[in-house]
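Note: hydrogens, waters and symmetry copies are ignored here, and every other heavy atom, side chains too, is used.
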There are 2 protein chains.
Amino acid sequence: MARMEDVRAILARNIKAARKRLNLSQEDLAARAEIDRTYVSGIERQVRNPTITVVAKFAEALETTTSDLLTG
Amino acid sequence: MARMEDVRAILARNIKAARKRLNLSQEDLAARAEIDRTYVSGIERQVRNPTITVVAKFAEALETTTSDLLTG
DNA sequence: GTGTGACTGCGAGTCCGTT
DNA sequence: AAACGGACTCGCAGTCACA
């Protein structure tokens, strides 16, 4: 059976892609989303496990949807 | 501009709908997802703010995707 | 079968810094 | 610009008794 990819990996990839599409640094994104910059770093490195409300903040800052950021 | 609906409300609605589509009780779903019965209740009542890994467990138990459960 | 309050442990999330 | 660490606060994960 197909193993599910970890949702944190999917999120990390999608956030990175959306961020670079907008030419934002992690710091820029952190400021936009009102999230700590070290936390943004941790999420992109998959060492953090954010809540859905935090993902929603990222989605807004990245001009996309929560659902899209979790699409694998 | 349109105000964003709370992501917890979206999740609650989608989980309820998917659960009823499969004719599962909260207890049934809890057993499938290996999550406490009362925790399922809390999420459907939006008094919990789950992490994305918890949502992924629900998705698997409900035969859908994390992304779908967060689609508004 | 579901809602709810209360509880503990640990991780979510922040703030300081260095490399 | 980003990875990484330490120390911190508070809220989430997970459970229980009871209505």
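Of all nucleotides in DNA chain C having an atom under 4.0 Å from a heavy atom of chain B, the first and last in 5' to 3' order are C/dG1 to C/dA12.
Among pairs with a residue in residues 20-38 of chain B, those fulfilling salt bridge (charged side-chain N to carboxylate O under 4.0 Å, His left out) read B/R32-B/E63, at least two apart in sequence or across chains.
Between its two ends, the helix from C/dT2-D/dA19 to C/dT19-D/dA2 turns its axis by 50°, counting five pairs per end and rounding to 10 degrees.
Partners of B/E44 according to the side chain to side chain donor-acceptor pair (under 3.5 Å) rule, which considers only residues two or more places apart in sequence or in another chain, are B/R19, B/Q26. Under the side chain to side chain donor-acceptor pair (under 3.5 Å) criterion, B/S67 pairs with A/S67, A/T71, not counting sequence neighbours. Legend: residues meeting side chain to side chain donor-acceptor pair (under 3.5 Å) with B/T65, ordered by chain and number and at least two apart, are absent. Residues satisfying the side chain to side chain donor-acceptor pair (under 3.5 Å) criterion with A/N49, sequence neighbours excluded, are B/T51, B/T53.
A/I43 and A/L22 end up in the same hydrophobic cluster when Ile, Leu, Val, Met, Phe, Trp and Tyr side chains are linked at under 4.5 Å.
The distance from the CZ atom of B/F58 to the CG atom of B/L29 is 5.5 Å, given to the nearest 0.5 Å. To the nearest 0.5 Å, atom OG1 of residue A/T64 and atom CD1 of residue A/I15 are 10.5 Å apart. Going from atom CG of A/L62 over to atom CG of A/L24 covers 7.0 Å, rounded to the nearest 0.5 Å.
Using a 4.0 Å heavy-atom cutoff across all strands shown, A/R8 reaches no nucleic acid atom at all.
Scanning residues 25-48 of chain A for heavy-atom distances under 4.0 Å to DNA chain D yields A/S25, A/Q26, A/E27, A/R37, A/T38, A/S41, A/R45. The stretch residues 50-58 of chain A comes close to DNA chain C through A/P50, A/T51, A/V54, each having a heavy atom under 4.0 Å from the strand.
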Between the protein and nucleotides 8-11 of chain D, list every N/O to N/O distance that falls short of 3.5 Å.
none

Solution key, residues 6-13 of chain A side-chain donor-acceptor pairs under 3.5 Å, sequence neighbours excluded:
unit_1 : atom_1 : unit_2 : atom_2 : d
A/D6   : OD1    : A/R8   : N      : 2.7
A/D6   : OD1    : A/R8   : NE     : 3.1
A/D6   : OD2    : A/R8   : NH2    : 3.4
A/R13  : NH2    : A/E5   : OE1    : 3.0
A/R13  : NH2    : A/E5   : OE2    : 2.5

